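Structure first, commentary second.
This one's a predicted model, so the numbers in the text were calculated from it and none came from an experiment.
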Amino acid sequence: MGSSPAAAAAASAAVVALAVANRVLYKLALVPLKAYPFFLAQLTTFGYVAVYFSILYARYRAGVVTRDMLALPKSRFVAIGLLEALGVASGMSAGAMLPGPAIPILSQSFLVWQLIFSALLLGRTYSARQIIGCLLVTSGVILAVASGANEGQFLSEVQLIWPALMITSSAFQAGASILKEAVFIDGAERLKGMRPDIFVVNSFGSGFQALFVFLLLPFLSNLRGIKFAELPGYLNGGAECFLNVGESPIDCGGAPFLPLLFIVVNMAFNISLLNLVKMSSALVASLTSTSAVPISIYILSLPLPYIPHGAELSTSFVIGAVVMLMGLILYNLPHSSSKQSKAD
């Protein structure tokens, strides 16, 4: 890729630090906005639209993005936006009700869904090592969730619907990621071998995501027990809580600092991950991001500002986390170059 080892190491360190901060702040951001997860989803979604389209415009002016790239069919972008909107909304709804350490574990089911959807939609095949890794991830997730079956463990007081909803959120996001791969494959054919710029996909995908998050609010609010007629009051309450003004019956301590900090760090993480892919490879980026999982689990189990009680990690949860991490590493181990492009 032409990058020096020192530059790649610095980029990797940035990804790890931002990945940990992103996971921790995801939970902290939902502390003041626990009753308004869809309001936070709107903020993050529209933030992505502004950032990605700004970068897209700059790359278009620089000649990196062509008119033909911008003219690609928009039907897949619509589907991507819808899936990502469902993923964000369901993920934040579940995240508001789950203990912090559960979120990174359940989110790793993304790999399982990605494996399934890529095989079904793209016809990809996988090595035995990758399949075993996928099974290990599945086992780790199940073991971690099952740790709450016994009284006194950290998921024991959480209804099953919330872990299930977080896993479903990962399915939506995995489906969107596979559709993005399909856009790149189809775009290369339409552009005569030139792959579409990544910011073309992100910009239009995030734009439709913002639209669907807004349009789906009546349906999504019903999932939270909010009637359509109550939506204006809900949004107004979310704005007041976010700004931490007015006489809200809910304690909004930490807003707007924590939600804004999460949005900024989340964007920085996505950009740094993309930069690492450019400098090295998707394999290095994946392994680097994965290494942040156990660190974030440990941090989220500790007493934190606005979450003073923390959560006690049971033995089975720790074992599940280790099994999941082993599966992720095994899945990402390099294999023969003849199968690399097909399997990855």
Side-chain angles (χ1 to χ4, degrees), residues 1-29 44 47-48 51-52 54-56 58-59 84 87-88 91 95 100-101 103-111 113-114 130 133 137 140 169-170 173-174 176-178 180-181 184 195 197-199 201-203 205-206 258 260-302 304 321-322 324-334 340 344:
M1 294 290 180
S3 300
S4 67
S12 297
V15 167
V16 172
L18 288 169
V20 172
N22 179 63
R23 292 177 182 275
V24 173
L25 288 171
Y26 177 77
K27 181 61 179 180
L28 290 177
T44 57
Y48 291 145
V51 171
Y52 284 138
S54 296
I55 296 175
L56 178 64
R59 293 175 74 81
E84 290 188 333
V88 168
I103 297 174
I105 287 290
L106 296 174
S107 297
Q108 296 311 310
S109 59
F110 173 89
L111 175 61
W113 291 114
Q114 192 177 52
Q130 288 177 306
V137 171
S169 170
S170 295
Q173 294 168 355
S177 72
I178 297 304
K180 288 179 182 179
E181 289 188 37
F184 285 120
R195 291 169 64 85
D197 188 79
I198 183 69
F199 287 104
V201 180
N202 281 341
S203 297
S206 63
L258 289 177
L260 278 176
L261 187 59
F262 163 70
I263 293 172
V264 172
V265 170
N266 184 254
M267 289 182 182
F269 167 66
N270 287 312
I271 293 173
S272 68
L273 193 64
L274 182 64
N275 180 58
L276 185 58
V277 171
K278 180 179 179 181
M279 294 178 64
S280 54
S281 67
L283 171 62
V284 172
S286 178
L287 284 172
T288 303
S289 179
T290 297
S291 66
V293 173
I295 303 174
S296 61
I297 292 173
Y298 173 72
I299 293 176
L300 285 168
S301 71
L302 300 174
L304 297 172
V322 172
M324 179 215 63
L325 185 58
M326 290 173 58
L328 286 170
I329 293 174
L330 185 63
Y331 174 84
N332 284 290
L333 284 177
Q340 182 97 14
D344 285 338

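Residues passing the side chain to side chain contact (heavy atoms under 4.5 Å, CB included) test with Ile299 are Val20, Val24, Ile295, Leu304, sequence neighbours excluded.
In terms of heavy-atom proximity, Arg23 sits nearest to Leu300 at O-CD1, 4.2 Å. Contact record, Ala29 with Phe262: CB-CB, 3.7 Å, taken as the closest heavy-atom pair. Across every non-hydrogen atom of Glu84 and Ala176, the tightest pair is CG-CB, 3.5 Å. Ser206 approaches Ser203 most closely through the heavy-atom pair OG-O, 2.9 Å.
The CG atom of Asp197 sits 4.0 Å away from atom CZ of Arg59, with the distance rounded to the nearest 0.5 Å. Once rounded to the nearest 0.5 Å, the distance linking CG of Leu25 with CG of Leu261 reads 4.5 Å. Rounding to the nearest 0.5 Å places OG of Ser169 at 11.5 Å from CH2 of Trp113. Rounding to the nearest 0.5 angstrom, the gap separating the OG atom in Ser296 from the CG atom in Asn22 is 9.5 Å.
The closest donor-acceptor contact from the side chain of Ser272 to the backbone of Val15 lies at 3.5 Å or more, if one exists at all.
When each of Ile263, Val265, Val264 is paired with Met267, the side-chain contact (heavy atoms from CB on, under 4.5 Å) condition holds for Ile263 and for no other.
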